[in-house]
2 protein chains.
Amino acid sequence: MLLLSKPLELPVNQDKILQSLVTENLVSDPESARGRLLREAARLFREKGYERTTVRDLAAAVGIQSGSLFHHFRTKEEILKAVMVETIRLNTALMQAAMSSADSNREKLRALVSAELESINGQTGEAMAVLVFEWRSLSEASRAEVLKLRDIYEALWLDVLTGLKQEGALVADPFIVRRMLTGALSWTVTWYRPDRGGLTQDGLTDQVVAMLGLS
Amino acid sequence: MLLLSKPLELPVNQDKILQSLVTENLVSDPESARGRLLREAARLFREKGYERTTVRDLAAAVGIQSGSLFHHFRTKEEILKAVMVETIRLNTALMQAAMSSADSNREKLRALVSAELESINGQTGEAMAVLVFEWRSLSEASRAEVLKLRDIYEALWLDVLTGLKQEGALVADPFIVRRMLTGALSWTVTWYRPDRGGLTQDGLTDQVVAMLGLS
DNA sequence: GTTTACAAACCAAGCGCTTGCTTGGTATGG
DNA sequence: CCATACCAAGCAAGCGCTTGGTTTGTAAAC
(Lines give C-alpha, C1' and ligand atoms only; values in the text may rest on other atoms or scores of the structure.)
Protein backbone atom coordinates (compact mmCIF):
# COMPACT_ATOMS: atom_id res chain seq x y z
CA MET A 1 0.00 0.00 0.00
CA LEU A 2 0.95 3.61 0.43
CA LEU A 3 3.82 2.75 2.67
CA LEU A 4 6.06 0.81 0.40
CA SER A 5 7.96 2.36 -2.41
CA LYS A 6 10.26 -0.63 -2.81
CA PRO A 7 8.39 -3.62 -1.41
CA LEU A 8 10.93 -6.10 -2.63
CA GLU A 9 13.61 -4.78 -0.31
CA LEU A 10 11.57 -5.50 2.79
CA PRO A 11 12.78 -8.10 5.24
CA VAL A 12 10.75 -11.27 4.94
CA ASN A 13 8.90 -11.04 8.22
CA GLN A 14 7.84 -7.47 7.52
CA ASP A 15 6.52 -8.53 4.16
CA LYS A 16 4.63 -11.37 5.79
CA ILE A 17 3.02 -9.02 8.26
CA LEU A 18 1.97 -6.72 5.47
CA GLN A 19 0.47 -9.56 3.47
CA SER A 20 -1.53 -10.87 6.37
CA LEU A 21 -2.92 -7.38 6.95
CA VAL A 22 -3.81 -7.16 3.28
CA THR A 23 -5.76 -10.43 3.33
CA GLU A 24 -7.57 -9.23 6.43
CA ASN A 25 -8.49 -6.09 4.47
CA LEU A 26 -6.91 -3.89 7.12
CA VAL A 27 -4.52 -2.29 4.67
CA SER A 28 -4.72 -1.93 0.89
CA ASP A 29 -2.67 -4.04 -1.46
CA PRO A 30 0.27 -1.85 -2.56
CA GLU A 31 -0.27 -2.93 -6.14
CA SER A 32 -3.99 -2.26 -6.27
CA ALA A 33 -5.31 0.99 -7.68
CA ARG A 34 -6.30 2.09 -4.20
CA GLY A 35 -2.91 1.20 -2.79
CA ARG A 36 -1.01 3.10 -5.43
CA LEU A 37 -3.21 6.12 -4.95
CA LEU A 38 -2.62 6.09 -1.20
CA ARG A 39 1.13 5.86 -1.68
CA GLU A 40 1.16 8.83 -4.05
CA ALA A 41 -1.14 10.71 -1.69
CA ALA A 42 1.25 10.15 1.22
CA ARG A 43 4.12 11.42 -0.94
CA LEU A 44 2.29 14.55 -2.04
CA PHE A 45 0.76 15.30 1.36
CA ARG A 46 4.19 15.16 2.88
CA GLU A 47 5.83 17.19 0.16
CA LYS A 48 3.31 20.00 -0.13
CA GLY A 49 0.91 19.51 2.75
CA TYR A 50 -2.66 18.26 2.56
CA GLU A 51 -4.32 21.59 1.82
CA ARG A 52 -1.90 22.51 -0.92
CA THR A 53 -2.32 19.19 -2.63
CA THR A 54 -5.30 19.34 -4.99
CA VAL A 55 -7.41 16.43 -6.16
CA ARG A 56 -6.02 17.22 -9.59
CA ASP A 57 -2.50 16.70 -8.26
CA LEU A 58 -3.51 13.37 -6.77
CA ALA A 59 -5.23 12.24 -9.94
CA ALA A 60 -2.30 13.24 -12.13
CA ALA A 61 0.10 11.34 -9.89
CA VAL A 62 -1.70 8.08 -10.66
CA GLY A 63 -2.60 8.99 -14.23
CA ILE A 64 -6.37 9.43 -14.08
CA GLN A 65 -8.81 12.33 -14.27
CA SER A 66 -9.56 14.26 -11.12
CA GLY A 67 -13.22 13.25 -11.13
CA SER A 68 -12.31 9.58 -11.24
CA LEU A 69 -10.79 9.85 -7.78
CA PHE A 70 -14.26 10.03 -6.34
CA HIS A 71 -15.01 6.59 -7.58
CA HIS A 72 -12.50 5.26 -5.02
CA PHE A 73 -13.01 7.78 -2.22
CA ARG A 74 -16.05 9.88 -1.43
CA THR A 75 -14.07 12.91 -0.34
CA LYS A 76 -10.52 14.19 -0.35
CA GLU A 77 -10.43 13.97 3.42
CA GLU A 78 -11.24 10.27 3.23
CA ILE A 79 -7.95 9.80 1.38
CA LEU A 80 -6.06 11.51 4.18
CA LYS A 81 -7.80 9.38 6.76
CA ALA A 82 -7.05 6.19 4.86
CA VAL A 83 -3.35 7.08 4.67
CA MET A 84 -3.26 7.57 8.42
CA VAL A 85 -5.36 4.60 9.45
CA GLU A 86 -3.50 2.11 7.29
CA THR A 87 -0.16 3.47 8.42
CA ILE A 88 -0.99 3.08 12.08
CA ARG A 89 -2.33 -0.43 11.51
CA LEU A 90 0.81 -1.58 9.75
CA ASN A 91 3.20 0.03 12.19
CA THR A 92 1.38 -1.32 15.22
CA ALA A 93 1.74 -4.80 13.79
CA LEU A 94 5.41 -4.25 12.93
CA MET A 95 6.11 -2.91 16.39
CA GLN A 96 4.47 -5.85 18.11
CA ALA A 97 6.59 -8.17 16.02
CA ALA A 98 9.78 -6.26 16.82
CA MET A 99 9.07 -6.44 20.53
CA SER A 100 8.16 -10.09 20.63
CA SER A 101 11.75 -11.18 20.00
CA ALA A 102 13.10 -9.20 22.96
CA ASP A 103 13.32 -10.51 26.51
CA SER A 104 14.21 -7.73 28.94
CA ASN A 105 12.49 -4.37 29.11
CA ARG A 106 15.75 -2.74 28.10
CA GLU A 107 15.84 -4.81 24.93
CA LYS A 108 12.18 -4.16 24.31
CA LEU A 109 12.70 -0.42 24.54
CA ARG A 110 15.56 -0.62 22.12
CA ALA A 111 13.36 -2.61 19.77
CA LEU A 112 10.61 0.01 20.06
CA VAL A 113 12.94 2.92 19.43
CA SER A 114 14.48 1.11 16.49
CA ALA A 115 11.09 0.19 15.05
CA GLU A 116 9.74 3.70 15.40
CA LEU A 117 12.81 5.16 13.73
CA GLU A 118 12.35 2.64 10.96
CA SER A 119 8.70 3.57 10.54
CA ILE A 120 9.54 7.27 10.44
CA ASN A 121 12.61 7.11 8.23
CA GLY A 122 11.99 3.93 6.27
CA GLN A 123 9.33 2.89 3.82
CA THR A 124 6.41 4.26 5.79
CA GLY A 125 8.20 7.55 6.41
CA GLU A 126 6.11 9.70 4.13
CA ALA A 127 2.89 8.44 5.66
CA MET A 128 4.27 8.90 9.16
CA ALA A 129 5.18 12.51 8.40
CA VAL A 130 1.61 13.04 7.23
CA LEU A 131 0.42 11.57 10.51
CA VAL A 132 2.55 14.06 12.44
CA PHE A 133 1.92 17.21 10.46
CA GLU A 134 -1.53 16.88 8.94
CA TRP A 135 -3.76 15.59 11.70
CA ARG A 136 -5.35 19.00 12.06
CA SER A 137 -6.81 18.66 8.58
CA LEU A 138 -8.95 15.75 9.73
CA SER A 139 -12.56 16.27 10.69
CA GLU A 140 -13.49 15.79 14.31
CA ALA A 141 -14.94 12.36 13.58
CA SER A 142 -11.94 11.07 11.63
CA ARG A 143 -9.60 12.39 14.26
CA ALA A 144 -11.34 10.38 16.97
CA GLU A 145 -11.05 7.28 14.82
CA VAL A 146 -7.34 7.78 14.28
CA LEU A 147 -6.68 8.55 17.94
CA LYS A 148 -8.39 5.34 18.95
CA LEU A 149 -6.02 3.32 16.81
CA ARG A 150 -3.08 5.28 18.13
CA ASP A 151 -3.94 4.36 21.70
CA ILE A 152 -3.23 0.70 20.97
CA TYR A 153 0.11 1.69 19.59
CA GLU A 154 0.92 3.84 22.60
CA ALA A 155 0.01 1.11 25.09
CA LEU A 156 2.96 -0.92 23.81
CA TRP A 157 5.34 1.86 24.78
CA LEU A 158 3.83 2.56 28.17
CA ASP A 159 4.02 -1.08 29.20
CA VAL A 160 7.75 -1.19 28.61
CA LEU A 161 8.49 2.23 30.10
CA THR A 162 6.47 1.47 33.22
CA GLY A 163 8.41 -1.75 33.60
CA LEU A 164 11.71 0.12 33.36
CA LYS A 165 10.53 2.62 35.96
CA GLN A 166 9.68 -0.20 38.38
CA GLU A 167 13.11 -1.72 37.80
CA GLY A 168 14.62 1.62 38.75
CA ALA A 169 16.28 1.97 35.36
CA LEU A 170 14.20 5.04 34.58
CA VAL A 171 14.11 8.15 36.75
CA ALA A 172 11.50 10.27 35.00
CA ASP A 173 7.77 9.58 34.64
CA PRO A 174 6.92 6.97 31.97
CA PHE A 175 4.10 9.02 30.46
CA ILE A 176 6.32 12.07 30.18
CA VAL A 177 9.17 10.04 28.73
CA ARG A 178 6.88 8.55 26.09
CA ARG A 179 5.60 11.95 25.08
CA MET A 180 9.10 13.34 24.89
CA LEU A 181 10.19 10.36 22.82
CA THR A 182 7.24 10.79 20.50
CA GLY A 183 8.34 14.33 19.81
CA ALA A 184 12.03 13.55 19.58
CA LEU A 185 11.59 10.59 17.24
CA SER A 186 8.91 12.23 15.09
CA TRP A 187 11.15 15.23 14.67
CA THR A 188 13.85 13.11 13.06
CA VAL A 189 11.83 13.27 9.82
CA THR A 190 12.87 16.90 9.56
CA TRP A 191 16.62 16.36 9.74
CA TYR A 192 17.71 12.71 9.68
CA ARG A 193 18.79 11.34 6.32
CA PRO A 194 19.81 7.69 6.68
CA ASP A 195 21.16 7.46 3.14
CA ARG A 196 23.72 10.24 2.99
CA GLY A 197 25.73 11.05 6.09
CA GLY A 198 27.52 8.85 8.53
CA LEU A 199 24.83 8.05 11.07
CA THR A 200 23.07 4.73 10.54
CA GLN A 201 19.67 3.94 11.96
CA ASP A 202 21.28 1.64 14.49
CA GLY A 203 23.70 4.37 15.44
CA LEU A 204 20.83 6.77 15.98
CA THR A 205 19.05 4.19 18.11
CA ASP A 206 22.21 3.94 20.21
CA GLN A 207 22.23 7.68 20.70
CA VAL A 208 18.63 7.72 21.85
CA VAL A 209 19.16 4.88 24.29
CA ALA A 210 22.34 6.56 25.55
CA MET A 211 20.49 9.80 26.07
CA LEU A 212 18.06 8.02 28.36
CA GLY A 213 20.93 6.42 30.27
CA LEU A 214 19.77 2.96 29.26
CA SER A 215 22.66 1.80 27.10
CA MET B 1 3.20 41.98 19.41
CA LEU B 2 1.67 38.73 18.34
CA LEU B 3 3.23 36.87 21.21
CA LEU B 4 1.63 38.44 24.20
CA SER B 5 -1.97 37.93 25.06
CA LYS B 6 -1.55 39.26 28.60
CA PRO B 7 1.47 41.56 28.47
CA LEU B 8 0.88 42.92 31.94
CA GLU B 9 1.55 39.57 33.56
CA LEU B 10 5.04 39.36 32.17
CA PRO B 11 8.02 39.45 34.52
CA VAL B 12 9.67 42.84 34.44
CA ASN B 13 12.84 41.80 32.65
CA GLN B 14 10.89 40.07 29.90
CA ASP B 15 8.84 43.17 29.38
CA LYS B 16 12.01 45.25 29.19
CA ILE B 17 13.47 42.98 26.55
CA LEU B 18 10.30 43.22 24.51
CA GLN B 19 10.27 46.98 24.71
CA SER B 20 13.85 47.32 23.63
CA LEU B 21 13.12 45.11 20.63
CA VAL B 22 10.08 47.24 19.81
CA THR B 23 12.10 50.46 19.85
CA GLU B 24 14.69 48.80 17.61
CA ASN B 25 11.82 47.96 15.24
CA LEU B 26 12.69 44.27 15.40
CA VAL B 27 9.26 43.29 16.66
CA SER B 28 5.93 45.10 16.40
CA ASP B 29 4.37 46.93 19.30
CA PRO B 30 1.68 44.58 20.70
CA GLU B 31 -0.74 47.45 20.88
CA SER B 32 -0.25 48.71 17.36
CA ALA B 33 -2.59 47.65 14.57
CA ARG B 34 0.13 45.52 13.07
CA GLY B 35 0.91 43.93 16.42
CA ARG B 36 -2.69 43.03 17.12
CA LEU B 37 -3.10 41.58 13.68
CA LEU B 38 -0.03 39.41 14.11
CA ARG B 39 -1.26 38.14 17.45
CA GLU B 40 -4.64 37.21 16.00
CA ALA B 41 -2.91 35.63 13.01
CA ALA B 42 -0.79 33.46 15.29
CA ARG B 43 -3.91 32.38 17.14
CA LEU B 44 -5.80 31.50 13.98
CA PHE B 45 -2.86 29.86 12.23
CA ARG B 46 -2.36 27.64 15.21
CA GLU B 47 -6.02 26.84 15.63
CA LYS B 48 -6.91 26.07 12.02
CA GLY B 49 -3.62 26.01 10.19
CA TYR B 50 -2.32 28.61 7.75
CA GLU B 51 -4.04 27.32 4.64
CA ARG B 52 -7.42 26.97 6.28
CA THR B 53 -7.27 30.48 7.68
CA THR B 54 -8.60 32.92 5.09
CA VAL B 55 -7.75 36.58 4.80
CA ARG B 56 -11.39 37.17 5.67
CA ASP B 57 -10.90 35.28 8.93
CA LEU B 58 -7.86 37.39 9.73
CA ALA B 59 -9.62 40.64 8.91
CA ALA B 60 -12.69 39.73 10.95
CA ALA B 61 -10.51 38.87 13.95
CA VAL B 62 -9.25 42.46 14.11
CA GLY B 63 -12.49 44.03 12.92
CA ILE B 64 -11.62 45.31 9.47
CA GLN B 65 -12.48 44.41 5.87
CA SER B 66 -10.46 41.71 4.17
CA GLY B 67 -9.11 44.08 1.57
CA SER B 68 -7.77 46.41 4.25
CA LEU B 69 -5.30 43.76 5.32
CA PHE B 70 -3.27 44.46 2.23
CA HIS B 71 -2.60 47.94 3.39
CA HIS B 72 -0.44 46.42 6.18
CA PHE B 73 0.94 43.38 4.38
CA ARG B 74 1.43 42.84 0.69
CA THR B 75 0.51 39.16 0.78
CA LYS B 76 -0.96 36.63 3.15
CA GLU B 77 2.34 34.80 3.28
CA GLU B 78 4.06 37.95 4.50
CA ILE B 79 1.85 37.77 7.58
CA LEU B 80 2.98 34.22 8.26
CA LYS B 81 6.61 35.21 7.82
CA ALA B 82 6.23 38.18 10.15
CA VAL B 83 4.73 35.96 12.85
CA MET B 84 7.69 33.62 12.60
CA VAL B 85 10.45 36.19 12.32
CA GLU B 86 9.26 38.29 15.24
CA THR B 87 8.76 35.22 17.38
CA ILE B 88 12.28 33.98 16.81
CA ARG B 89 13.72 37.43 17.48
CA LEU B 90 11.93 37.78 20.79
CA ASN B 91 12.68 34.26 21.97
CA THR B 92 16.34 34.50 21.07
CA ALA B 93 16.60 37.61 23.20
CA LEU B 94 14.67 36.02 26.06
CA MET B 95 16.85 32.93 25.92
CA GLN B 96 20.07 34.91 26.00
CA ALA B 97 18.77 36.74 29.05
CA ALA B 98 17.78 33.50 30.79
CA MET B 99 21.21 32.02 30.21
CA SER B 100 23.18 35.05 31.33
CA SER B 101 22.19 34.57 34.96
CA ALA B 102 23.49 30.98 35.05
CA ASP B 103 27.06 30.02 35.88
CA SER B 104 27.67 26.34 35.15
CA ASN B 105 26.74 24.57 31.93
CA ARG B 106 24.31 22.43 33.90
CA GLU B 107 22.52 25.54 35.09
CA LYS B 108 22.62 27.04 31.64
CA LEU B 109 21.02 23.96 30.15
CA ARG B 110 18.29 24.08 32.73
CA ALA B 111 17.73 27.73 31.89
CA LEU B 112 17.52 26.90 28.20
CA VAL B 113 15.05 24.06 28.69
CA SER B 114 12.96 26.21 30.99
CA ALA B 115 13.03 29.15 28.60
CA GLU B 116 12.08 27.02 25.62
CA LEU B 117 9.21 25.44 27.51
CA GLU B 118 8.10 28.91 28.48
CA SER B 119 8.26 30.09 24.89
CA ILE B 120 6.29 27.07 23.69
CA ASN B 121 3.70 26.94 26.42
CA GLY B 122 3.61 30.54 27.60
CA GLN B 123 2.66 33.76 25.91
CA THR B 124 4.47 33.07 22.66
CA GLY B 125 3.05 29.55 22.48
CA GLU B 126 0.66 30.10 19.62
CA ALA B 127 3.36 31.66 17.48
CA MET B 128 5.81 28.88 18.36
CA ALA B 129 3.29 26.25 17.30
CA VAL B 130 2.96 28.06 13.99
CA LEU B 131 6.73 27.97 13.67
CA VAL B 132 6.72 24.21 14.16
CA PHE B 133 3.75 23.21 12.03
CA GLU B 134 3.47 25.81 9.28
CA TRP B 135 7.00 26.31 7.98
CA ARG B 136 6.13 24.37 4.84
CA SER B 137 3.69 27.08 3.84
CA LEU B 138 6.54 29.56 3.48
CA SER B 139 8.05 30.31 0.10
CA GLU B 140 11.60 29.19 -0.50
CA ALA B 141 12.90 32.72 0.03
CA SER B 142 11.05 33.31 3.29
CA ARG B 143 12.11 29.93 4.59
CA ALA B 144 15.76 30.77 4.07
CA GLU B 145 15.28 34.02 5.96
CA VAL B 146 13.63 32.26 8.90
CA LEU B 147 16.24 29.52 9.01
CA LYS B 148 19.01 32.10 9.18
CA LEU B 149 17.49 33.61 12.31
CA ARG B 150 16.97 30.18 13.78
CA ASP B 151 20.67 29.40 13.47
CA ILE B 152 21.52 32.13 15.96
CA TYR B 153 19.03 30.63 18.34
CA GLU B 154 20.44 27.13 17.88
CA ALA B 155 24.01 28.25 18.47
CA LEU B 156 23.09 29.08 22.07
CA TRP B 157 22.07 25.48 22.66
CA LEU B 158 25.03 23.91 20.96
CA ASP B 159 27.51 25.94 22.98
CA VAL B 160 26.09 24.63 26.24
CA LEU B 161 25.66 21.05 25.07
CA THR B 162 29.19 20.90 23.69
CA GLY B 163 30.46 22.18 27.02
CA LEU B 164 28.57 19.45 28.87
CA LYS B 165 29.96 16.83 26.54
CA GLN B 166 33.52 17.99 27.23
CA GLU B 167 32.83 17.86 30.95
CA GLY B 168 31.76 14.26 30.50
CA ALA B 169 28.27 15.00 31.78
CA LEU B 170 26.75 14.11 28.44
CA VAL B 171 27.23 10.75 26.71
CA ALA B 172 25.47 11.32 23.40
CA ASP B 173 26.42 13.66 20.59
CA PRO B 174 25.51 17.34 21.26
CA PHE B 175 24.03 17.88 17.80
CA ILE B 176 21.84 14.81 18.13
CA VAL B 177 20.78 15.76 21.63
CA ARG B 178 19.79 19.23 20.50
CA ARG B 179 17.72 17.87 17.67
CA MET B 180 16.03 15.37 19.94
CA LEU B 181 15.33 18.12 22.44
CA THR B 182 13.91 20.34 19.72
CA GLY B 183 11.43 17.63 18.84
CA ALA B 184 10.66 16.65 22.41
CA LEU B 185 10.09 20.21 23.61
CA SER B 186 8.18 21.32 20.51
CA TRP B 187 5.90 18.34 20.87
CA THR B 188 4.79 19.51 24.30
CA VAL B 189 2.48 21.98 22.56
CA THR B 190 0.33 19.00 21.57
CA TRP B 191 -0.21 17.63 25.06
CA TYR B 192 1.11 19.83 27.87
CA ARG B 193 -1.45 22.07 29.56
CA PRO B 194 0.28 24.09 32.29
CA ASP B 195 -2.99 25.48 33.64
CA ARG B 196 -5.04 22.38 34.39
CA GLY B 197 -3.28 19.29 35.65
CA GLY B 198 -0.65 18.84 38.29
CA LEU B 199 2.56 19.31 36.34
CA THR B 200 4.06 22.80 36.57
CA GLN B 201 6.50 24.17 34.04
CA ASP B 202 9.29 23.82 36.56
CA GLY B 203 8.25 20.24 37.21
CA LEU B 204 8.35 19.52 33.50
CA THR B 205 11.80 21.09 33.28
CA ASP B 206 12.91 18.77 36.09
CA GLN B 207 11.62 15.77 34.17
CA VAL B 208 13.52 16.74 31.03
CA VAL B 209 16.75 17.32 32.92
CA ALA B 210 16.27 14.03 34.75
CA MET B 211 15.72 12.22 31.49
CA LEU B 212 19.11 13.43 30.29
CA GLY B 213 20.72 12.32 33.55
CA LEU B 214 21.69 15.88 34.35
CA SER B 215 19.66 16.58 37.46
C1' DG C 1 -17.20 -20.54 -27.90
C1' DT C 2 -19.69 -16.94 -28.81
C1' DT C 3 -23.16 -13.87 -26.75
C1' DT C 4 -25.25 -11.36 -23.12
C1' DA C 5 -25.23 -8.98 -18.83
C1' DC C 6 -23.49 -5.95 -15.59
C1' DA C 7 -20.63 -3.82 -12.36
C1' DA C 8 -16.30 -1.53 -11.75
C1' DA C 9 -13.19 1.89 -13.54
C1' DC C 10 -12.64 5.69 -15.93
C1' DC C 11 -13.27 10.23 -19.05
C1' DA C 12 -14.82 14.95 -20.48
C1' DA C 13 -16.97 18.76 -19.08
C1' DG C 14 -18.20 21.93 -16.01
C1' DC C 15 -20.89 23.83 -11.80
C1' DG C 16 -20.96 26.54 -7.78
C1' DC C 17 -18.27 28.37 -4.48
C1' DT C 18 -14.21 30.24 -2.09
C1' DT C 19 -9.87 32.07 -2.42
C1' DG C 20 -6.13 35.86 -2.38
C1' DC C 21 -5.91 40.11 -3.95
C1' DT C 22 -7.17 44.73 -6.60
C1' DT C 23 -9.46 48.87 -7.32
C1' DG C 24 -11.35 53.44 -6.60
C1' DG C 25 -12.98 56.03 -3.29
C1' DT C 26 -13.69 58.01 1.69
C1' DA C 27 -12.83 59.21 6.43
C1' DT C 28 -9.47 61.03 9.97
C1' DG C 29 -5.68 62.96 12.53
C1' DG C 30 -1.62 65.98 12.67
C1' DC D 1 -3.28 69.45 2.96
C1' DC D 2 -1.69 65.16 2.72
C1' DA D 3 -0.47 60.66 4.26
C1' DT D 4 -2.32 56.83 6.76
C1' DA D 5 -5.94 53.75 7.53
C1' DC D 6 -9.80 52.03 6.13
C1' DC D 7 -14.40 50.50 3.23
C1' DA D 8 -17.37 48.54 -0.56
C1' DA D 9 -17.37 45.97 -4.39
C1' DG D 10 -15.79 42.65 -7.16
C1' DC D 11 -12.43 40.05 -10.38
C1' DA D 12 -9.89 36.09 -11.98
C1' DA D 13 -8.29 31.82 -10.71
C1' DG D 14 -8.50 27.63 -8.47
C1' DC D 15 -10.93 24.57 -5.56
C1' DG D 16 -13.68 20.06 -4.33
C1' DC D 17 -16.97 17.57 -6.27
C1' DT D 18 -20.96 16.14 -9.67
C1' DT D 19 -22.80 14.56 -13.80
C1' DG D 20 -23.79 11.67 -17.80
C1' DG D 21 -21.79 8.78 -20.63
C1' DT D 22 -18.02 5.31 -22.29
C1' DT D 23 -14.66 1.57 -21.80
C1' DT D 24 -13.05 -2.66 -19.66
C1' DG D 25 -12.92 -6.93 -17.18
C1' DT D 26 -15.47 -11.02 -15.85
C1' DA D 27 -18.53 -14.55 -15.69
C1' DA D 28 -22.80 -16.69 -16.42
C1' DA D 29 -26.21 -18.15 -20.35
C1' DC D 30 -26.95 -20.11 -24.40
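Just so it is clear, the model here is predicted, and its values are computed rather than measured. Note that these values count all heavy atoms, side chains included, but never hydrogens, waters or copies made by symmetry. To find a chain, count down the sequence lines: A is the first, B the second, and so on, and within it residues start at 1.
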Starting at atom CG of A:L37, determine the distance to atom P of C:dA9, rounded to an integer number of angstrom. 12 Å
Determine, for B:Y50 and B:K76, whether the Lys NZ or Arg CZ falls below 6.0 Å from the six-membered ring centre while staying within 45 degrees of the axis. yes
Between the first and last five pairs of the helix from C:dG1-D:dC30 to C:dG30-D:dC1, the angle of the axes, rounded to 10 degrees: 10°
Heavy-atom closest pair, residues B:L161 and B:P174: CD1-O, 3.7 Å
Tell me which residues in residues 64-73 of chain B lie within less than 4.0 Å of DNA chain C, going by non-hydrogen atoms. B:S66, B:G67, B:F70
If we ignore angles and hydrogens, is there a donor and acceptor under 3.5 Å between the side chains of B:E77 and B:S137? no
Just one of A:R178, A:K148, A:R179 clears the salt bridge (Lys or Arg N to Asp or Glu O under 4.0 Å) bar with A:E154, so which one? A:R178
A:R136 to B:F133 six-membered ring, cation-pi geometry met (6.0 Å, 45°): yes
Establish, from distance only, whether the side-chain atoms of B:T54 and B:D57 form a donor-acceptor pair under 3.5 Å. yes
Scan B:T53 against the nucleic acid and name what it touches under 4.0 Å (heavy atoms): base, sugar-phosphate only, or nothing. sugar-phosphate
A:D206 vs A:R110, salt bridge (Lys or Arg N to Asp or Glu O under 4.0 Å): CA-CA, chis, key distance, verdict: CA-CA 8 Å; A:D206 290 337; A:R110 203 185 188 287; 2.3 Å; yes
Can you check side-chain contact (heavy atoms from CB on, under 4.5 Å) on A:K48 and A:R43, steps first, answer last? CA-CA 9 Å; A:K48 332 201 313 175; A:R43 218 199 68 229; over 6 Å; no
By the definition side chain to side chain contact (heavy atoms under 4.5 Å, CB included), identify the one residue from A:L117, A:L185, A:L199 that meets it with A:Y192. A:L199
5'-most to 3'-most nt of DNA chain D touching chain A (<4.0 Å, heavy-atom partner on protein side) reads D:dC15 to D:dT18
side-chain contact (heavy atoms from CB on, under 4.5 Å), that's the test. Do A:L212 and A:L109 meet it? Break it down for me. CA-CA 11 Å; A:L212 294 171; A:L109 183 79; 4.1 Å; yes
